[in-house]
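Take a look at the structure below.
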There are 2 protein chains.
Amino acid sequence: MSDHATTTPRRAATRARLLAAAKDVIADRGAGGATVEGIAERAGFTRGAFYSNYASLDELIVDVIREVVETRLAQVRVAATQFAQHREADGLTIHAALEGGVRDFVHLLQPPMQEVLLQSELRLYALRHEGARAGYVAAVRETMTGVYEILETLFASLGVQIRASPEITMDILMGFFDQGSVMSYLELGRVDPDVQVDRLGRLLDVIIDRSPSPG
Amino acid sequence: MSDHATTTPRRAATRARLLAAAKDVIADRGAGGATVEGIAERAGFTRGAFYSNYASLDELIVDVIREVVETRLAQVRVAATQFAQHREADGLTIHAALEGGVRDFVHLLQPPMQEVLLQSELRLYALRHEGARAGYVAAVRETMTGVYEILETLFASLGVQIRASPEITMDILMGFFDQGSVMSYLELGRVDPDVQVDRLGRLLDVIIDRSPSPG
DNA sequence: TGCAGCGGATACACTTCTGTATCGAAACGT
DNA sequence: ACGTTTCGATACAGAAGTGTATCCGCTGCA
C-alpha cells in the first residue's frame, strides 16, 4: 500500500532502497525479467518488505521512471552551468568555445551502460503500459524543453543560430545521442569519448549556422 | 538440436512458425518475458517441438534478429524503387519530388507498433548478450550503408547535396526515425502520417542543401 | 519504561516455466 | 506396402515466482 498518508522515515528509507534495487535489476534483467523477488532480494529484503510498500511491481516501476527522467534533466543543467562558467572564465573564441563545450558535454553526459539499458527498458515499459505513458511523456517533454532552453541560451551567447525548430532540434539530438551510445556499446563494449566528441561536433555543423570563425 | 545438416521441409516449416511466433511474443512481452512455453504455444506446438528444433531460447532469438534487420533493409529498397519509378514517370520539379518522396517514404516505412516494440527489444537483447552483438551490428551496419547508397542516388538525381558524412547522416536519420515513432506511439497511441511527413520534411531541410527551387 | 502498532519476515498454497526422457504417429525411401 | 527415421507430444521432477495471511521485534510516544 503506497497510499499511506504518513510516510515514516523508516518507510521512506525502505522505499529508496527498493527503488535503487529496481533500477539495478531492470538494467540487467530488463523490465520483463524483473521480479518482485529479485528486487527485494537485491535491496536486502524479502518480498514481505516489498508488498508492505508497493501494491505491485508496476507501481514501483512508475516511481523509477519519474526518478530517472528527472535525474537526466538535472545532469544536463549541471553540464550547462559548468560549461557557462568555464567559458566565461576563459573568454574563448566561438570556435574554441564550441569545441570545448562539446567536450564538456560529452564527458559529463556520456551514460554508463547501466543507464543506457535502464533508459531503453523504461521507454519500452512505457510503450507497453498505457498507465505509464502519460507520466513518461510528460517527464521527457519537460526534459526536452529544459535542454532546449539551455542550448538556446548557450548558442545565443556564442552568436550562432540553430537551423531548425526546437522540436525538430531536440528530436535530432535525443535520437542522435541514443543511437550513438547504443552503437558504441554494441561495437566496442564502451563509449570512446574522443569518438563521441567528434560525432557531436559534426552533428553541430549540421544543426547550427556557425558564424565565420574569428579564431 | 539446430545443427542438423539435413533440414527437411517439415522441419523448416516448424522453424518458420516458431520464428514468427517468437516475433509476436517478444513484441508483446519483451525478450525477457518471452518463454519457450509461450512461443511454442503461440506457434501451435508444445515445448517438445521447440526443443527438437532449438537448443535454447537464445538460439531462436539470434535467428529473429537476423530476419528482422534484413527485412528492414528490404523495405527501404522497395520504397526507394517505388519512389524512383514514381518520379521518373511524373518528371517532377525538385521541390515536388522531394515532397512526394518524403510522403512515399513515410507511408511505406512507418512501422506498426509491433515492429517498434520488436526492434527495441532486439536492440536491448543484443546489448545484453555478447554473443548476439556481432550479428546485430553487422546487420545494422549493412542496412545503414544500403540505405545511404539509396539516398545518395536519389539526392544526386535531384541535384541536392547531403551536408554531412554518410555515418553522421545515417545516425541522424535512424535516431530521428526511432525517436519519432516511439514518441508518436507514446503520445497518440498511433503514428499520424501527416505529422511524420512534416517532421521528415523539416529534417531534410537540416541535412541537405536544397538547390534554389525552380518550381 | 511500557505498550500500541508499524513494518518487515515467514509460511502456505498456488501457478508457471524449465529440461530431459520416453513414446507414438506421420513422412519417406525402397 | 513396409520398415525406418524423424519429429513433435507427453510425462516427470524440480526450480522459481506470486499474493495472502500471519507473526513478531523494533520504534516511537506517553
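Chain identifiers are assigned alphabetically (A, B, ...) following the order of the sequence lines, protein sequences preceding nucleic acid strands; residue numbering begins at 1 within each chain. Any value given below was found using the heavy atoms of this structure, including those in side chains, with hydrogens, waters and symmetry copies removed.
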Between the protein and nucleotides 9-14 of chain D, which nitrogen or oxygen pairs come in under 3.5 angstrom?
unit_1	atom_1	unit_2	atom_2	d
D:dA9	OP2	B:T46	N	2.8
D:dA9	OP2	B:T46	OG1	2.7
D:dA9	O5'	B:T46	OG1	3.4

Under 3.5 Å, which N/O atoms of the protein pair with N/O atoms of nucleotides 23-29 of chain C?
none

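In this structure A:D63 satisfies the side-chain hydrogen bond (donor to acceptor under 3.5 Å, both in side chains) test together with A:Y54, A:R66, sequence neighbours excluded. Under the side-chain contact (heavy atoms from CB on, under 4.5 Å) criterion, B:D205 pairs with B:R210, sequence neighbours left out. In this structure, A:Q179 has no side-chain hydrogen bond (donor to acceptor under 3.5 Å, both in side chains) partners at least two apart in sequence or on a different chain. Scored by the side-chain hydrogen bond (donor to acceptor under 3.5 Å, both in side chains) test, B:D24 finds no partners at all (sequence neighbours excluded). Listed by chain and number, the residues in a side-chain hydrogen bond (donor to acceptor under 3.5 Å, both in side chains) with B:S120 amount to none (sequence neighbours excluded). With sequence neighbours left out, the side-chain contact (heavy atoms from CB on, under 4.5 Å) criterion links A:V195 to A:D192, A:R199. Partners of B:Y125 according to the ring-ring contact (aromatic ring centres under 6.0 Å, His included) rule, which considers only residues two or more places apart in sequence or in another chain, are B:H129. A:H107 meets the ring-ring contact (aromatic ring centres under 6.0 Å, His included) test with no other residue; sequence neighbours excluded. Under the side-chain contact (heavy atoms from CB on, under 4.5 Å) criterion, A:L57 pairs with A:V36, A:I39, A:F50, A:I61, not counting sequence neighbours.
One interatomic measurement links the two molecules: OH of A:Y54 to P of C:dG7, which rounds to 13 Å at whole-angstrom precision. Protein atom CD of A:E37 is 14 Å distant from nucleotide atom C1' of C:dT16, rounded to whole Å. The separation between A:E41 atom CD and C:dG8 atom C1' is 16 Å, rounded to whole Å. Between A:R15 atom CZ and C:dC6 atom C1' there is a gap of 15 Å when expressed in whole angstrom units. Rounded to whole angstrom, the span from the CG atom of A:L18 across to the P atom of C:dG7 amounts to 13 Å. Atom CZ of A:R11 and atom C1' of D:dC26 are 15 Å apart (whole Å). In this structure, the CD1 atom of B:I39 is 12 Å from the P atom of C:dG19, given to the nearest Å.
For the helix from C:dT1-D:dA30 to C:dT30-D:dA1, the end axes, each set by the C1' atoms of five terminal pairs, are bent relative to each other by 20° (nearest 10°).
Annotation: side chain of A:L173 is in contact with side chain of A:L151 (closest heavy-atom distance under 4.5 Å). Between B:M174 and B:M144 there is a side-chain heavy-atom pair separated by less than 4.5 Å.
A close approach under 4.0 Å does not occur between any side-chain nitrogen or oxygen of A:N53 and OP1 or OP2 of C:dG7.
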